Each structure stands twice: as structure tokens, then as C-alpha cells.
Amino acid sequence: MLTLSVLVKQAALGPWPLVGEATDAVVVESAFIVSAVDLAGWSQIDADAFRRVLLIVSLSGEPPQDRIEAAVRQAARADAAGVVLATGFSGVGSLDRDALRALARRHGIALLIAPKDPAQVWTRTMRVIRKEREHATGHTGVELREMQRESTRPDGLKRLVRRLARQVGGSAVLLGQEGAPLHAFPELPADVLQEAATEIKRVVTREIRAAAADLRDCVVHVQSIGADETGATLVVVRKERFSPAVRELVTDVSRLLALCWRVDDLSRRRRRADLADTRIREVVLQLLMTGNVQAARRVAGALGPSLSEWIRIYVMAGPPDDRDRLVAHCERVSGGRAWIIRCPVYVGHIIILTPVADEVDEVDEVDEVGDVLQVYAGQVNGVDVGGSTTVALREMASGYAQAFHALAVAQGNAGHFARFSPRGDLATLVRSRGQAWARSALEPLTAYRPPRAQDPDSAELTITLRSWLDFYGGAARQLKIHRNTLAARLRHIEHLLGHPLDDIETQSKFYLALHILDGPGEGDGPPTLEAVLDDPDVRRWAGIQVTPLLRRDPELFMNTLRVWLDNDARLDATASALGISVPGARKRLTRIEETIGHSLLSGPSARYEMWFALRVHDV
């Protein structure tokens with residue numbers, strides 16, 4: 001906006017301000033020519049008629065002092081921007097300047113004398129006002145709208161600083177809370193910042209809100225950004241002095257910068273909160289998977305909702321980029337009662353723990369969440385859902401494995417949804433008679449005491465082995481350790497157990513031993529695995545596992561499964577042994593997954609159970 005002092009300088013009117021201190025803050029929007037005689041007679045003038053208008057009073061014929069006083073009094077009552085006494089080319093004549101100065105101070109209005117013709121004063125004044133309006137509309141207004149668009153971009157702070165620097169024809173620097181430069185354009189004027197360090201420090205510490213400094217070859221304007229909580233500061237440097245329009249632009253941009261700063265700060269806070277929420281949910285999942293139910297409940301209770309005693313587990317697979325949308329949908333479906341966890345191993349998976357009121361019969365149980373997820377999976381491309389049976393919270397690992405096996409089936413059917421079909425669990429079946437063998441097999445690991453306090457103990461190594469048997473390389477993501485750390489732990493576990501972990505037989509035995517010791521067991525039982533498996537119930541279990549393959553295509557499916565397990569579940573070796581391509585071998589195993597209703601290629605895998613089933617069946 002144009003002020004009276006700037007107008008006087010730019011219009012080259014040549015007046016003498018009689019009340020100089022009032023001219024710096026007075027805004028001028030227009031100018032109007034009146035005569036002292038007419039103005040003095042306007043007793044009914046509207047109080048808003050001449051607001052921010054500069055009144056140019058013609059003094060032709062040198063009217064008496066009382067008429068000038070009446071004109072000034074009326075202009076002050078109308079809240080005019082000021083009064084210019086245009087004397088023409090005859091000069092100030094007999095005007096008493098001291099009396100006029102006292103008059104202006106008494107009425108609180110800027111009073112000036114211009115030894116020029118009123119029309120000439122008006123013409124030059126309006127030319128300056130028109131240019132200022134064009135500048136404000138063509139630069140400040142339009143540019144401010146462009147800057148508002150820039151502020152909505154992800155890097156809005158940087159864009160605003162660059163745009164402001166170009167607009168003012170200088171440099172702009174955004175300082176952080178401690179005064180360190182965050183963004184600068186076109187380059188950081190370090191020497192200028194050093195010279196203006198005192199003014200900058202006073203603004204950074206919030207001693208003052210703004211400051212200016214005249215240096216050798218430039219002018220520096222320092223402006224605080226927003227409220228005190230932002231703590232940011234804007235420094236603008238240019239060679240020319242800051243006109244009112246430029247100062248107004250800097251002020252407006254500082255408001256946009258403050259808004260961008262708050263939005264960015266809120267975004268950072270939300271990302272940190274979302275990350276903390278994700279990490280807490282992963283911790284709860286890890287505690288449940290390792291059997292620490294009470295600890296999991298305490299952590300979950302702090303975040304909410306609380307964990308139910310009985311749960312049903314779903315695993316939803318979809319595009320990784322859509323995982324946030326899928327999580328939001330699951331929240332709506334469950335009414336906020338389910339525990340929803342972004343799987344730390346598979347980036348496209350979501351694990352959903354839905355509460356079940358009581359342990360009820362599966363036939364009579366109502367599964368509202370499962371029904372809605374089934375419809376959703378059938379309607380949305382790229383989404384598959386697998387669900388478990390109702391399990392106790394302490395059996396989270398078993399329930400997750402069920403849901404994961406069901407997911408493998410869902411990915412192969414038209415509805416993209418499947419529920420787990422239980423056909424017995426070997427570890428549960430032999431738990432009472434396999435205690436002695438399982439304890440003996442894992443004793444070197446469970447009895448281990450690390451030589452140094454910072455080394456992983458037996459519990460940590462046991463969790464590592466369990467996770468690796470389920471997820472192989474993905475165990476590093478689940479355990480939140482580096483893959484080199486995982487490899488070092490596995491070498492240590494191999495050394496303790498005295499067996500390499502690279503063959504499927506060793507993996508299957510330790511997998512079974514770990515799951516036998518997961519639940520309560522009574523008695524010791526036989527000391528060897530062969531004796532543990534030599535049981536009619538185990539033979540019936542093995543027959544149940546292989547029956548779907550025998551009914552479907554015994555020669556093709558049974559042979560493929562045997563070759564795959566004989567080659568330690570390696571696809572390339574299996575394809576070579578069968579004389580087919582790797583994609584061909586994968587396709588056969590995928591069909592086997594659909595037939596048995598369990599996952600083989602991805603963990604948790606049923607490869608260990610199928611290894612035992614084939615061994616018992618063949619015997």
C-alpha cells in the first residue's frame with residue numbers, strides 16, 4: 001500500500017510536511033481537488049467520504065487563515081489521508097507556516113504545502129497511485145496467488161523461498177529454530193548473514209518480531225515466521241530499498257511460510273505417530289507369536305483396543321502401495337474392535353485379529369468380519385484374504401499359520417477368499433509323548449548361557465531359529481535386525497545344535513521340537529523321534545495329509561512334492577531334477593498348495609508337516 005511519505009518522494013511535489021511524524025503511516029488510495037471555500041462550507045460531509053483520500057486544496061487568491069483552518073478541520077473530521085495546500089506558482093505568500101503546523105498537530109492530520117498548480121499536483125499524485133495499484137495487482141496480487149499454489153506442494157517451503165527471492169530481485173533465506181539455514185536461494189549469502197548477525201539473532205531469539213539493516217551494498221530485512229512455536233525466521237536481502245509493496249509481499253509470504261511450516265510440522269508429527277503405532281503393533285505381534293501373552297496385553301491395552309481371549313485371524317494380501325487404504329477399510333469393517341497390524345515380513349500383507357466373544361462351536365459361530373472381507377476380496381482386484389479358525393490368544397502363532405495357509409488357497413480360487421480347513425496338527429498330536437525327545441533335541445540351545453551380557457541368550461536365539469524356520473530371509477525384517485546379524489546368529493545356532501540348518505530334514509525336526517514345547521505336555525515319552533512317530537494316530541494323520549494328493553493326481557503331485565523336499569525345497573534344483581523350467585515347477589507346487597489347502601512356497605510353510613507326512617506314509 002502507498003503511504004503519504006512515499007508519495008511525496010515519488011511525486012516530486014516539492015512540499016514541506018508540517019507534521020512529518022504523521023506522514024509515514026498514512027495510507028493514500030486516491031486524490032481529490034477542492035477549494036478552501038467549498039470545503040469549509042461542507043458541514044454535513046459524510047465521515048467516510050474522504051477516508052484515505054489526499055485532499056488537494058486550491059489556494060488561489062490566498063484565502064484568509066480562518067478558511068484554511070475550517071478546511072483542515074473538515075478534512076480531519078472526514079479522516080482524510082492528508083491535506084495539500086496548492087499555492088500555484090505564486091509561492092507560499094503570506095501563509096504563516098508556524099500557525100499551520102500548530103493547526104495540523106491540533107487536528108491530527110498531515111498538512112503539506114505544494115508551490116504548484118492544483119491540477120498538476122493532482123496529475124502527478126494520481127500517476128504515482130496508478131503505478132502503485134498496477135504493481136500491487138500485477139505483481140503482489142498475482143504473485144501472491146502463485147505463491148499460494150506453491151505452498152500446497154510437498155516442498156512448499158523451498159518453493160516459496162525461491163519464488164520470493166526472484167520476485168524481490170535478491171536473496172531469501174529461511175532459518176530454522178536455532179538460526180541454521182534451511183533453504184536459501186539463489187545461494188546462501190553467508191557474508192551478509194554474518195554482517196547482520198546482531199539483527200538476525202534478536203529476531204531468532206524472539207526479542208523482536210522484525211528488523212532491518214543497511215549494509216555496505218545491500219539492505220537486509222529480517223522477519224519472524226508465524227507464532228513463537230515455529231521458531232523460523234525469514235531473511236531477505238536486496239540492493240534496493242524495500243518499497244511498501246515489497247515489504248507487504250514479504251509479510252504475506254511470511255504468513256504462507258508459517259502455514260507451510262505448521263503443515264509440515266503436523267505431517268512430521270503424524271508420520272512419527274503412525275510409525276510409533278506401527279512399531280507398537282509389531283511388538284504386540286512379536287510378543288504374541290513368542291507366547292508372551294500377558295506382556296502383549298499390557299502393551300495393547302495402552303494403545304487400544306484390548307486383546308480378546310479368543311480371536312480369529314485374517315491375513316489380507318494386496319498391493320503394497322494400497323496398504324494404508326486396506327487398513328482403513330479393515331478398521332471400518334471391524335468397527336475399531338480389531339487389532340490390525342502391517343505385516344513386518346510381507347510388505348503387502350495385513351494381519352487382522354478379530355475378537356470372538358466366547359469359545360463357541362465353529363458351526364454356529366457368526367463371522368461378520370469374515371463375511372464382509374469375503375465380499376470385499378471378491379469385488380476388489382488384487383486383494384486376497386485367508387482366515388483362521390477360532391483360536392485362543394496364546395495360540396496366536398498357530399492361528400497365524402492357519403490364516404497364512406488359507407491365504408495360499410485364496411490366491412488360487414475365483415473368490416480370492418478362503419478359511420482354513422483343519423486336518424490335525426502333528427505337534428499337538430505327539431505333544432504328550434514327544435516331550436523327552438523335543439527337550440533333548442533343543443537342550444544345547446535352551447541351556448546356553450552367553451559368555452558376555454551383550455550377546456544373545458538362549459531365549460533370543462530360540463526366537464531367531466523359530467522366525468527363520470517360518471520366514472527364512474524375512475526373519476531379519478520380523479526381528480528388526482540386519483541380515484548379517486541374522487546370518488551370524490544362525491551360524492551360532494548351528495554350532496550349538498551340532499547340525500547344519502541347510503537341509504529340510506534338520507529344519508523339520510527342529511520345527512517339530514519347537515512346536516511340541518510350545519504347549520503344555522505331561523510325561524516324557526520315548527527318547528527318539530522314530531519312536532515318537534511310531535503311533536497309529538500319527539499314521540492316520542499322515543494319511544489325511546496325503547489323501548488330497550492321491551485323489552487328485554498321485555503320480556504327478558506326489559512325485560513333484562517328493563522331489564521338491566528331497567532337494568531341500570529349492571526350486572532351481574527341483575526343476576532340474578524334474579526336467580522342467582523353474583516357472584513350471586512353481587506352477588506345480590502352487591497347484592499342490594491349492595489341493596492340500598496349505599502354503600508351501602512362502603512361510604509359514606507346511607513343508608515341514610508334509611516332510612513328516614511323506615516319511616510316515618512311505619514307511
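Predicted model, so just to flag it, every value in this text is computed and none were measured.
Side chain of R483 to main chain of R477: no donor-acceptor pair is present (N/O by atom type, distance under 3.5 Å, no hydrogens or angles). Side-chain N or O atoms of D568 include one that pairs as donor or acceptor with a backbone N or O of I504 at under 3.5 Å. In this structure, the side chain of T590 engages the main chain of R586 through a donor-acceptor pair within 3.5 Å. No donor-acceptor pair closer than 3.5 Å links the side chain of T354 to the backbone N or O of A338. A donor-acceptor pair is defined here as one N or O able to donate and one able to accept, closer than 3.5 Å; such a pair exists between the side chain of H405 and the backbone of S599. Not one N or O on the side chain of Q411 forms a donor-acceptor pair closer than 3.5 Å with the backbone of D384. Checked by atom type and distance alone, the side chain of E609 never pairs as donor or acceptor with a backbone atom of L426 at under 3.5 Å. Side-chain atoms of R607 come within 3.5 Å of backbone N or O of L600 as a donor-acceptor pair.
By the neighbour-count criterion of 12 heavy atoms within 6.0 Å, atom CZ of R272 is densely surrounded, having more than that number from other residues, nucleotides or ligands. Counted within 6.0 Å of CZ on R325, heavy atoms from surrounding residues, nucleotides or ligands total more than 12; the atom is thus considered enclosed. Other residues, nucleotides and ligands contribute at most 12 non-hydrogen atoms within 6.0 Å of the NZ atom of K201. Other residues, nucleotides and ligands contribute only 12 or fewer heavy atoms inside 6.0 Å of the NE2 atom of H495. More than 12 heavy-atom neighbours from other residues, nucleotides or ligands sit within 6.0 angstrom of CG on N484. Other residues, nucleotides and ligands contribute over 12 non-hydrogen atoms within 6.0 Å of the CZ atom of R323.
Considering all non-hydrogen atoms of both residues, S308 and V356 come closest at OG-O, 3.3 Å. The minimum heavy-atom distance between A476 and L486, with the atom names listed, is N-CD2, 3.8 Å. Closest heavy-atom contact between E331 and I340: N-CD1, 3.5 Å. Scanning both residues, L445 and L461, for their nearest heavy atoms gives CD1-CB, 3.7 Å. The minimum heavy-atom distance between L442 and F510, with the atom names listed, is CD2-CD2, 3.8 Å. Heavy-atom minimum distance, V409 versus G597: CG2-CA, 3.1 Å.
Note: H416 NE2 to L407 CG = 11.5 Å, rounded to the nearest 0.5 Å. Expressed to the nearest 0.5 Å, how far CG of L565 lies from CE of M610 amounts to 8.0 Å. Atom CD1 of I351 is separated from atom SG of C330 by 11.5 Å, given to the nearest 0.5 angstrom. The OG atom of S605 sits 7.5 Å away from the CD atom of E593 when rounded to the nearest 0.5 Å. From L517, atom CG reaches atom CG of L512 across 9.5 Å, with rounding to the nearest 0.5 Å. How far CZ of R491 is from CD of E494: 9.0 Å, rounded to the nearest 0.5 Å.
Under a 4.0 Å N-O distance rule, the pair D252/R255 qualifies as a salt bridge. For the pair E282 and R279, the salt-bridge criterion is met [side-chain N within less than 4.0 Å of a carboxylate O]. Note on D265 versus R269: salt bridge recorded, some NZ/NE/NH1/NH2 to OD/OE distance being below 4.0 Å. Classification of R419 and D371 as a salt-bridged pair holds, one side-chain N sitting under 4.0 Å from a carboxylate O. Between E505 and K509 there is a salt bridge, since at least one side-chain N of the basic residue sits less than 4.0 Å from a carboxylate O of the acidic one. Salt bridge status for D324 with R342: present, with a side-chain N to carboxylate O gap under 4.0 Å.
With sequence neighbours excluded, no residue satisfies salt bridge (charged side-chain N to carboxylate O under 4.0 Å, His left out) with E187. Judged as a ring-ring contact (aromatic ring centres under 6.0 Å, His included), and not counting sequence neighbours, the contacts of Y376 are H329. When the side chain to side chain contact (heavy atoms under 4.5 Å, CB included) test is applied to S224, the partners found at least two apart in sequence or on another chain are V203, R206, R209. Partners of W564 according to the ring-ring contact (aromatic ring centres under 6.0 Å, His included) rule, which considers only residues two or more places apart in sequence or in another chain, do not exist here.
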Stepwise salt bridge (charged side-chain N to carboxylate O under 4.0 Å, His left out) test for D470 and R466: CA-CA 6 Å; D470 278 340; R466 183 192 301 274; over 6 Å; no
Check the pair Y400 / L288 against side chain to side chain contact (heavy atoms under 4.5 Å, CB included), numbers first and verdict last. CA-CA 10 Å; Y400 171 70; L288 290 175; over 6 Å; no
Show your working on side chain to side chain contact (heavy atoms under 4.5 Å, CB included) between L160 and C260 and close with a plain yes or no. CA-CA 9 Å; L160 283 175; C260 281; 3.8 Å; yes
Show your working on side chain to side chain contact (heavy atoms under 4.5 Å, CB included) between T389 and Q402 and close with a plain yes or no. CA-CA 7 Å; T389 62; Q402 291 181 9; 2.7 Å; yes
Begin from the C-alpha positions of L571 and L589 and carry the test side chain to side chain contact (heavy atoms under 4.5 Å, CB included) through to its verdict. CA-CA 10 Å; L571 269 178; L589 289 168; 3.7 Å; yes
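Under the 30°/60° scheme for interplanar angles, the aromatic rings of F471 and Y346 are found to stand perpendicular.
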Please tabulate, for side-chain N and O atoms in residues 291-305, each donor-acceptor pair with protein atoms closer than 3.5 Å (sequence neighbours left out).
residue	atom	partner	partner atom	Å
N292	ND2	T290	OG1	3.3
R297	NH1	E309	OE1	3.3
R297	NH2	E309	OE1	2.8

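The closest side-chain heavy-atom distance from V220 to E199 is not below 4.5 Å. Counting only heavy atoms from C-beta outward, the side chains of V385 and I352 never approach each other to under 4.5 Å. Between V161 and V173, the closest side-chain pair of non-hydrogen atoms is not below 4.5 Å. The side-chain heavy atoms of L497 and L465, taken from C-beta on, include a pair separated by under 4.5 Å. Counting heavy atoms from C-beta on, the side chains of Q435 and I516 come closer than 4.5 Å. The shortest side-chain heavy-atom distance between F612 and Q545 does not fall under the 4.5 Å cut-off. D322 has its side chain out of reach of V380: every pair of non-hydrogen atoms, C-beta onward, lies at least 4.5 Å apart. Contact of the V253 side chain with the R163 side chain is not registered, since no non-hydrogen atoms from C-beta on lie closer than 4.5 Å.
Screening L182, V222, V235, L234 for a side-chain contact (heavy atoms from CB on, under 4.5 Å) with L175, the sole residue that qualifies is V235.
For residues 448-462, the set of pairs meeting the side-chain hydrogen bond (donor to acceptor under 3.5 Å, both in side chains) definition, not counting sequence neighbours, comprises Y448-H492, R452-D455, E460-R489.
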